[in-house]
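Notes to accompany the following structure.
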Number of protein chains: 2
Amino acid sequence: MVSSTVENYLKALYKLANENAEVNISELSSELEVSKPTVNAMVKTLQQHGWVIYTKYKPLKLTEEGRKAAALILRKHRLTEMFLVEKMGFGWEEVHEIAEQVEHIKAPALFDRMDELMDYPKVDPHGSPIPDKDGNIIQKDSKKLSEHEVGEKVMLIALNHSSKEFLEFLDSRDISLNTVFEIKSVENFDDSMVVSYEKHPSETLSQKVCERLLVEKV
Amino acid sequence: MVSSTVENYLKALYKLANENAEVNISELSSELEVSKPTVNAMVKTLQQHGWVIYTKYKPLKLTEEGRKAAALILRKHRLTEMFLVEKMGFGWEEVHEIAEQVEHIKAPALFDRMDELMDYPKVDPHGSPIPDKDGNIIQKDSKKLSEHEVGEKVMLIALNHSSKEFLEFLDSRDISLNTVFEIKSVENFDDSMVVSYEKHPSETLSQKVCERLLVEKV
DNA sequence: AAATTTTGTTAGAGTTATCTAACTTTATAT
DNA sequence: ATATAAAGTTAGATAACTCTAACAAAATTT
């Protein structure tokens, strides 16, 4: 049986492979906060599962089976997050740590039931897509709020990064998925944006925030 | 942080201590299906946590802290089982294996929320009491069906053992918690009982079954 | 092109949880 | 009360996962 440890390496590899296609041992090492020799050793295990192709001194390549196996863990993670929010009343900033543990549970029926009870949700509480049972993932296309221009109306459909701190910041400004922003102005100096939405006629969002909000035009 | 492995030793110790007060290394060894030297080594870990008192060649004694720590794991297990049945539509025969994994999750909020959503249940789906947050457990007193006599009317309030096979047997006879039996006759030869309940005017239950049904007079 | 930095590997060791084999202690039976 | 059986311990080994120190290879800089 695959250990949680191995599953976490696979998840990290998948995440980095989505950003860069090729992944270094060093990158994995800092992503997982373990030493490079530890990653080096673990690569052998991943290779034995057929999840990665590796030759000495070359970058890691995730195989199709690796991609699928990782997506299925992600599926468990995101179904759990959605279940915790939708069916158990947790806030979107509380669910990541719990899902980090629940995702390793070996009980397909549990996740199938969550899926069913929520009527097969397509995204998690942060707008990230939930892979299907075959590990296929449909990424809705969206742009960063920062890429839009004055006058545009856009709806928040997902978040780029979902740290607790960022989620709490959004809570404090009453920003949630599906919030519709109208861009009032863009500050040239620091790329901050002034937007209006719902009961907030004028709110300034820093560039850092605008880069993390994924929106689509409405 | 306490590993699941250690938690499983503690659980087993707690279970055996409820049956015998004093527990042998050998008993633990066969309960957990690990070798005696392995148990021997683990006892040192349990001792370091202050969960057990041990001197060479003497039986193990669970401490009060050990009892409490074990009860809190049992609490997580039983809340999970009840949640799976009550809120997720699982059958009582499906939940043990899942709860066996979920009980090791370190997220008090998850279990508090289950508790709250179910309005603080007192028993799990098999009628076993759910320990409170301080590890206190209220054992309802009950007798085995086999200890009752012809003519008595009794209600099923819990099960002694909850193997999947036994639970499936009960399902097949439409027996569930709160089923009220009237004892029609007792067979001297094999101690089987003929009972009537609900839509079953006459059903024969073997002694083995009658010993596993915990009932109270109605 | 050589020097430096970054990246990757090897070697050796520690921890946790497990095993078997061999031995000792305690309990049981004749 | 001695022999046998059961229970417990010690020693030594293994597997998974981690580390640091030292070295080698590859990439980058000057």
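- Between B:L16 atom CG and D:dA7 atom P there is a gap of 14 Å when expressed in whole angstrom units.
- Interface residues of residues 19-26 of chain B facing DNA chain D, ordered by number: B:N24, B:I25, B:S26; criterion, heavy-atom separation under 4.0 Å.
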inquiry  = What verdict does the side chain to side chain contact (heavy atoms under 4.5 Å, CB included) test give for B:I130 and B:Y120, after you've listed the backbone C-alpha separation in whole Å, the side-chain angles of each residue and the deciding distance to 0.1 Å?
reply    = CA-CA 9 Å; B:I130 297 174; B:Y120 315 101; over 6 Å; no

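- Summarising the geometry, the separation between CE on B:M1 and P on C:dT15 is reported as 18 Å, rounded to the nearest angstrom.
- Counting to the nearest Å, the C1' atom of C:dA17 and the CG atom of B:L10 are 17 Å from each other.
- Side-chain atoms of A:D124 and A:W92 include no donor-acceptor pair closer than 3.5 Å.
- The nearest whole Å value for the distance from the OH atom in B:Y54 to the C1' atom in C:dT25 is 11 Å.
- Summarising the geometry, atom NE2 belonging to B:H148 is positioned 11.0 Å from atom SG belonging to B:C210; distances are rounded to the nearest 0.5 Å.
- Atom NZ in B:K56 sits roughly 10 Å away from atom P in C:dT26 (whole-Å rounding).
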So which protein N/O to nucleotides 23-25 of chain D N/O distances come out below 3.5 Å?
none

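- Between A:H77 and A:H96, the ring center distance clears the sub-6.0 Å criterion.
- Side chain to side chain, A:H49 and A:E65 fail the donor-acceptor criterion of an N or O pair below 3.5 Å.
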Between the protein and nucleotides 16-20 of chain D, which nitrogen or oxygen pairs come in under 3.5 angstrom?
| unit_1 | atom_1 | unit_2 | atom_2 | d |
| --- | --- | --- | --- | --- |
| D:dC17 | OP1 | A:S3 | OG | 2.6 |
| D:dT18 | OP2 | A:Y9 | OH | 2.8 |
| D:dC19 | OP1 | A:S35 | N | 3.4 |
| D:dC19 | OP2 | A:S35 | N | 2.9 |
| D:dC19 | OP2 | A:S35 | OG | 2.9 |
| D:dC19 | OP2 | A:T38 | OG1 | 2.5 |

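- With respect to the salt-bridge test (charged N to carboxylate O, under 4.0 angstrom), the residues B:E216 and B:K140 qualify.
- Between the side chains of B:T38 and B:S35, at least one donor N or O sits under 3.5 Å from an acceptor N or O.
- Side chains of A:S192 and A:D190: a donor on one and an acceptor on the other come within 3.5 Å.
- Tested against B:Y9, the residues B:V52, B:V43, B:V34, B:T45 include a single side-chain contact (heavy atoms from CB on, under 4.5 Å) partner, B:V34.
- Atom pair B:L32:CG and C:dT16:P shows a separation of 19 Å (rounding to whole Å applied).
- A salt bridge links B:K106 with B:E7: the closest approach of a Lys/Arg side-chain nitrogen to an acidic carboxylate oxygen falls below 4.0 angstrom.
- The shortest side-chain heavy-atom distance between B:E147 and B:V215 does not fall under the 4.5 Å cut-off.
- At whole-Å resolution of the value, CD in A:E27 and P in D:dA27 are 14 Å apart.
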